[in-house]
Amino acid sequence: MKQKKYRLEIVLNVREKKKDEATRFVALRRQELVETEQELIHREIILNKCRQQIFDAGETMISQLDLGTSAGNVVAHRNFIKTLKEHEKQLIISVEEQKINVKNAENAVEIALEKLSEAYKELKIIEHHKEKWQQNQKFEIQKNEQKLNDEIAAILHQRSEKL
């Protein structure tokens, strides 16, 4: 007896594709998170270098003052330090913006994981349904085979009694 085709096979295939897409989406979001975290680290390094430059420029100005430098050099150092501090403020804003980007990327990963979990559950439901259907099909086939065997046995028994 030929086994019947599972009538929800298309649904199963669609749910498998949905789970695969959700898996790829999670991988994409995780990659974006890694990239935003790397950019945050890069911006923090630049900010720290800027702060080190401000410190070094201040130390240089103090040492030149101790040596008796001209007023023009002092003004130039002050302007340089002022420019570095303005740059530092811009870098701080940039770092804060990137922290927000990292938070958004983390949220996107969480949402993608939730969608993957949902797709996985939906797939498991239909797979479970298919397994039960297959078990029922096997049971029906066995039941029909047993019925045929019983009929054959009954016919053979009737023939043996007639002889």
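For reference, positions follow the sequence shown, starting with 1.
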Q) Just wondering, do H42 and E39 contact through their side chains at under 4.5 Å, heavy atoms? A) yes

In this structure, are over 12 heavy atoms from other groups packed under 6.0 Å from Y120 atom OH?
no

Answer whether the closest heavy-atom distance between the side chains of N48 and R51 falls below 4.5 Å. yes

Note to self: Determine whether a donor-acceptor pair (N or O, by modelled atom type, separation under 3.5 Å) exists between the side chain of Q98 and the backbone of T36.
What the structure shows: yes

- Is there side-chain contact between R43 and L91, with heavy atoms separated by less than 4.5 Å? no

#### Entry: Transitive ILVMFWY side-chain link V102 to L113, under 4.5 Å
yes

Walk me through whether I54 and K85 qualify under side chain to side chain contact (heavy atoms under 4.5 Å, CB included). CA-CA 7 Å; I54 292 170; K85 286 186 178 186; 3.8 Å; yes

Could you tell me whether the side chain of T23 and the main chain of K19 form a donor-acceptor pair under 3.5 Å?
-> yes

- [ ] State yes or no: do F25 and L123 share one hydrophobic cluster built from I, L, V, M, F, W and Y residues joined by side-chain heavy-atom distances below 4.5 Å, directly or via other members?
- [x] no

Distance col, row I155:CD1 vs D150:CG, nearest 0.5 angstrom, shows 11.0 Å

query = Should we count CZ of R30 as having more than 12 external heavy atoms under 6.0 Å?
reply = no

Rounding to 0.5 Å, atoms CG (N73) and CD (Q64) come to a distance of 5.5 Å

Inset, instruction - For Q31 and E35, test the side chains for any donor-to-acceptor distance below 3.5 angstrom and give the result as yes or no. - result: yes

In this structure, CG of D56 is separated from CD1 of I81 (nearest 0.5 Å) by 10.0 Å

| message | With heavy-atom distances below 4.5 Å as the criterion, would you say the side chains of L33 and R29 are in contact? | response | no

Does any non-hydrogen side-chain atom of E88 lie less than 4.5 Å from one of I92? yes

- Indicate yes or no: at least one non-hydrogen side-chain atom of E140 is less than 4.5 angstrom from one of K143. yes

Distance col, row E145:CD vs I152:CD1, nearest 0.5 angstrom, shows 10.5 Å

Note: Y6 and H129 closest approach over all heavy atoms is OH-ND1, 2.5 Å

With a 4.0 Å cut-off, would you call K124 and E127 a salt bridge? yes

The reported gap from CG in L12 to CD1 in I125 (rounded to nearest 0.5 angstrom) is 12.5 Å

Carboxylate-amine/guanidinium proximity below 4.0 Å for K115 and E118: no

Original post:
Would you call E106 and E37 a side-chain contact if the rule is heavy atoms closer than 4.5 Å?
Top reply: yes

_Residue pair E97 / N101, side-chain donor-acceptor N/O under 3.5 Å_ = no

Rounding to 0.5 Å, atoms NZ (K89) and SG (C50) come to a distance of 11.5 Å

Does any non-hydrogen side-chain atom of W133 lie less than 4.5 Å from one of R7? no

Item to check | Chi angles and distances behind the side chain to side chain donor-acceptor pair (under 3.5 Å) call for E161, H157 | outcome: CA-CA 6 Å; E161 285 183 356; H157 181 69; 2.6 Å; yes

Return yes when atom CD1 of I10 has more than 12 non-hydrogen atoms of other residues, nucleotides or ligands closer than 6.0 Å, and no otherwise.
-> no

